[in-house]
Amino acid sequence: MASITLENLGHSYYPNPQTPADFALKELDYEWEDGGAYALLGPSGCGKTTLLNIISGLLVPSRGHIKFDGQDVTHLQPEERNIAQVFQFPVIYDTMTVRQNLAFPLMNRKVPQDEITKRVTEMIEVLDLSEKADRKARGLTADEKQKISLGRGLVRYDVNAILFDEPLTVIDPHMKWQLRTKLKELHRQLGHTMIYVTHDQTEALTFADKVVVMYEGEVVQIGTPEELFDQPAHTFVGYFIGSPGMNVLPCEIKGKTASIGNAKVDLVNGYNLTDGQIELGIRPEFVSLSSGKKGVSAQIEAVENIGRFKIVRANLEGHSVNAVLREGEPVPTDPKLQFDASRINIYQDSHLVRVGG
Ligand code: ATP
């Protein structure tokens, strides 16, 4: 296992990049801890695969360096980096048994036979494949084949890191949850440095200790699931994480009051923001509806029942605001919206304004 340092790392697929938009990966400076579980999360085209390929060695970055445990590996070939990779689709040998497939990466590295037997047996148990251990991979289901793929990555104990590129894409929805939990458990047991690429927030948030959120080639936040929920560093993070995402409302701020059109919202802190686009962010979970006098007037546009919760969409001064209400909570016909002031975040040009910072 190793720590992974990304030093002034950036990549453009163009020979002479001129503007920031020419970079598929904008400059990034970060150290990923030895033994950490990280998820790279973001929509299609945001640069996840570009970053993963730089880590695995399939791509040489046009800027900066990558280091494993302090050693510069920027120009090393993938096979010289000692990493394991698990892809979207199973990469296994159909004519081999489950056991043989799992043993293969270890045999290639000339691991002693008794050690191979021990590790393969353990991995078969961990993956719940004991009943199929001596069956040829050919006859197994897509889920089972992908489990073998995961096992082939995890069976090696000497790797610097294990990289997962959307590994649960082919898995049945009901099995995804099981495998996600299994991966998390394996991370705790084995302590490998793991990097998991996905565009699915549930996968990222359940797997990772730290989630790296990417947007248009930029890492916009690296944080724990709680940090991403409570204090999104960028409006995109607020919108992308959560269901529905954070409400983002253009506003003007004077002291401790935000004005959204004619509606006035109290803030906990005072701000002195004179330029840029100012927005107020509040998660739907912290918006409540009342029929009293307090709060700002809004018109209900839609109510969606999703089991234990209701999502109410209201119109506030021409802007859509979502509120999450618990089952049984009434929806007033002429409601006032109340924002929990302690949960409001303020953004300037899409970036969080940190109070006192
Ligand atoms: P997805 O989830 O769809 O795989 P991603 O987040 O992994 O997307 P990348 O594949 O890293 O994103 O792509 C980032 C940007 O770089 C995109 O605009 C893409 O079009 C561009 N890009 C990727 N590969 C190449 C290439 N070989 N040549 C030129 N541009 C590329």
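Just follow the structure's listing: the first ligand is 1, and inside any ligand the first atom is 1. The analysis underlying the following values was restricted to heavy atoms, covering all of them including side chains, and did not include hydrogens, waters or symmetry mates.
Taking the charged nitrogens against the carboxylate oxygens, R99 and D134 do have a contact shorter than 4.0 Å, which makes a salt bridge. Salt bridge E304/K310: absent, no basic N to carboxylate O contact under 4.0 Å. A salt bridge links D94 with K145: the distance from a Lys NZ or Arg NE/NH1/NH2 to an Asp or Glu carboxylate oxygen falls below 4.0 Å.
For atom 7 (O) of ligand 1, the closest non-hydrogen atom on the protein side is T49 OG1, 2.5 Å. Of the protein's heavy atoms, G47 N, 3.1 Å lies nearest to atom 12 (O) of ligand 1. Closest protein heavy atom to atom 2 (O) of ligand 1: K48 NZ, 3.0 Å. Scanning the protein for heavy atoms near atom 14 (C) of ligand 1, the closest one is G45 O, 3.4 Å.
Heavy atoms of P43 come nearer than 4.0 angstrom to ligand 1 in at least one pair. Contact between G42 and ligand 1 is absent, with no heavy atom of the residue lying under 4.0 Å from the ligand.
Here the straight-line distance linking atom CD1 of I241 with atom CD of Q221 works out to 8.0 Å at 0.5 Å rounding. The distance from atom CG of L28 to atom CZ of R63, rounded to the nearest 0.5 Å, is 14.0 Å. A distance of 10.0 Å separates CD1 of I4 from CZ of R81, quoted to the nearest 0.5 Å.
Of the listed residues (A21, S12, S44), the one carrying the non-hydrogen atom nearest atom 3 (O) of ligand 1 is S44.
Distance screen at 4.0 Å: atom 23 (C) of ligand 1 has a protein heavy-atom neighbour inside the cut-off. For atom 27 (N) of ligand 1, a protein heavy-atom neighbour is found at a distance under 4.0 Å.
Under a 4.0 Å criterion applied to the non-hydrogen atoms of C46, ligand 1 contributes the atoms 5 (P), 6 (O), 12 (O). Taking every non-hydrogen atom of A24 and a distance limit under 4.0 Å, the qualifying atoms of ligand 1 come out as 15 (C), 16 (O). Listed by number with element, the atoms of ligand 1 under 4.0 angstrom from any heavy atom of T50 are 9 (P), 11 (O), 13 (O), 14 (C).
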Can you check ring-ring contact (aromatic ring centres under 6.0 Å, His included) on H234 and Y215, steps first, answer last?
CA-CA 10 Å; H234 190 281; Y215 175 58; 5.7 Å; yes

Applying side-chain contact (heavy atoms from CB on, under 4.5 Å), run through R119 and E115 and close with a yes or a no.
CA-CA 6 Å; R119 292 196 67 88; E115 180 68 25; 3.5 Å; yes

